[in-house]
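The structure appears below as structure tokens.
Throughout, a chain's letter reflects where its sequence line sits, starting with A, and its residues are numbered from 1. Predicted model, so just to flag it, every value in this text is computed and none were measured.
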There are 2 protein chains.
Amino acid sequence: MIKDLILIIDDENAIRRLLEISLQSNGYKTVSACNGKEGLLLAASHQPDLILLDIGLPDINGQVLLKRLREWYVKPIVMLSAQSDEENIVQALDNGANDYLCKPFRTGELLARIRSSLRNLSDNNHQQKIEFDSLRIDLSARLVYKHNNIVKLTSTEYSLLTLLVKNEGRVLTHQYILNAIWGPSYALQTQYLRVFIAQLRKKIEKDSNHPKFILTESGVGYRFMIQSESL
Amino acid sequence: MIKDLILIIDDENAIRRLLEISLQSNGYKTVSACNGKEGLLLAASHQPDLILLDIGLPDINGQVLLKRLREWYVKPIVMLSAQSDEENIVQALDNGANDYLCKPFRTGELLARIRSSLRNLSDNNHQQKIEFDSLRIDLSARLVYKHNNIVKLTSTEYSLLTLLVKNEGRVLTHQYILNAIWGPSYALQTQYLRVFIAQLRKKIEKDSNHPKFILTESGVGYRFMIQSESL
DNA sequence: AATCGACATAAAGATTTTATTAAGATTCAT
DNA sequence: ATGAATCTTAATAAAATCTTTATGTCGATT
């Protein structure tokens, strides 16, 4: 069983410490940020399984940060807040938060709500192994095979491939991919993405001049898809 | 847009009435049960999109009913309860509830939490599709099909098609289209638009000399519409 | 039938976007 | 600290798309 990683974004040291201890003693890995900027960076770099986000941060308004995260982050976000006014709660939930807890919160309830949020997710991502023709991806082992031979991928290449594969059949825009893999500050580095796509194709495609898996949508982005043989 | 159906299971008449009115006035369909047995039956027969379940029912304990429902019901269940003790909350969430609200609850918050729960569900289904005869547009995947074959459209062609489709049956003037797709500085390039319309027709129409989807409104603009076969 | 205006279409050239390579910078493990 | 792996940047060739131009069609009007 792989431990879920939870990103804590909260500026109060005491609370952050409390959260880290409670979560770690319940089998989660944690990573913490004490302001919004750092939170965004860590979310992009660590790809946490859930984010605990305090609404009252010093640098970025919590609702704004929530929206920024939701531009690409699809896993659960649980809000924490000293404010219990309905307007804030409703706004946060409508901005894409999965849950909203008012401080002071009870640890047991928080943990239960985290379990609930993660459960909903894992039900859907249930797939541990993905197979397309000669390509096989074992998500739990983090391994990729081509014709039963292990393909050696760097961590970035692997993230990119799984992002594409998890959205099979869907066009992902350059922006979306860059946000999801490299974080918001890379949103305009399209050329950069191309280099990695070329790299990936060289490793997983039979003929990288006629890609069968990773298709280009010119001017828009890329799409992972199985092409019928007839072409 | 299809209305979501919400099943309310609560024994207090006043609360049930309140819920029905709030939900209906917010565009949901509702069906109500005043005890656990009836709730189970209605859940099975109506397949609601979400269940609001009061924990204090006369015939069956709420936690037990929750577990019984979760044996087969996979959509969101939101618990309502007068009890705010942590043990009850934790137990309900661990038994598969998606959320837990303590009475008296604020209507706005309840509605926001319902929206949040339903959104999580539909995120996974990710399906926004439009279909006209042999033409199918999957907006979330950004793909267009003609007789189940993917039609390769450039980014501009796709924007143009979706603009027309989203205004199905309505005449869009040249100016309006040029402004919407290419921006104000192209407002007079009518000829330009014709080139793209021709291109689109070639790709999506069966016989581009007798367009069935994209109709010309001479001197005015274009209109997307299904024409009957008889012509 | 000839003329006109609005529209359709094809094709050539211009521009943008993409693929690919390679070299330098950085990171990582030992 | 060192070498290997990986990331990042830059340059260039190839491909796709856009834009313009030219020409042809259709229907209404004279």
Query - A:E205 side chain vs A:K212 backbone, donor-acceptor pair below 3.5 Å - result: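 Checked: pair present.
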
Requested in this report: Say whether, by atom type as modelled, one donor and one acceptor occur between the side chain of B:N167 and the main chain of B:L163 under 3.5 angstrom.
Outcome: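 Looks like yes, one N/O pair under 3.5 Å.
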
Requested in this report: Among C:dT9, C:dA19, D:dC7, find the nucleotide with the atom closest to the side chain of A:R201.
Outcome: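 Closest nucleotide to the A:R201 side chain: C:dA19.
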
Report task. Consider the side chain of A:T216, meaning its heavy atoms from C-beta on, and name the nucleotide among D:dT20, C:dT18, D:dA10 that approaches it most closely. Result ->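 Out of D:dT20, C:dT18, D:dA10, the nucleotide with an atom closest to A:T216's side chain is C:dT18.
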
Query raised in the report: Do the charged groups of B:D99 and A:R113 touch, with an N to O distance under 4.0 Å?
Result: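 Answer for the salt bridge query: yes.
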
Query raised in the report: Does A:R223 come within less than 4.0 Å of A:E217, counting only side-chain N to carboxylate O?
Result: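 The answer is yes: the pair qualifies as a salt bridge.
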
Within less than 4.0 Å of OP1 or OP2 of [N], is there a side-chain N or O belonging to [X]?
| X | N | answer |
| --- | --- | --- |
| A:Y186 | D:dT9 | no |
| A:K202 | C:dA19 | no |
| A:T154 | D:dA5 | no |
| A:H174 | C:dT18 | yes |

**Report entry** Whichever of A:Q199 and A:T190 has its nearest DNA chain C nucleotide further upstream toward 5'
**Finding:**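 Mapping each residue to its closest nucleotide by heavy atoms, the 5'-most match is A:T190.
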
Atom [atom1] of [X] to atom [atom2] of [N]: distance rounded to whole Å?
| X | N | atom1 | atom2 | answer |
| --- | --- | --- | --- | --- |
| B:F196 | C:dC7 | CZ | P | 18 Å |
| B:L153 | D:dA16 | CG | C1' | 14 Å |
| A:N209 | C:dT18 | CG | P | 17 Å |
| B:Y222 | C:dA6 | OH | P | 13 Å |
| A:I214 | C:dT18 | CD1 | P | 15 Å |
| A:K152 | D:dC7 | NZ | P | 10 Å |
| B:R194 | C:dG5 | CZ | C1' | 10 Å |
| B:I197 | C:dA10 | CD1 | P | 15 Å |

Query raised in the report: Looking across every strand, which nucleic acid part, if any, lies under 4.0 Å from A:T156 by heavy atom: base, sugar-phosphate, or nothing?
Result: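 The residue A:T156 makes sugar-phosphate contact but no base contact.
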
Query raised in the report: Does A:E217 get its side chain close enough to the base of C:dT18, under 3.5 Å, for a donor-acceptor pair?
Result: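 Not at all, since no donor on one side and acceptor on the other fall under 3.5 Å apart.
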
**Report entry** Under-3.5 Å donor-acceptor pair between B:Q189 side chain and D:dT20 base
**Finding:**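 Flag unset: no donor-acceptor pair detected.
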
Query raised in the report: Between B:V78 and B:I51, is any pair of side-chain heavy atoms under 4.5 Å apart?
Result: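 Not touching, per the 4.5 Å side-chain cut-off.
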
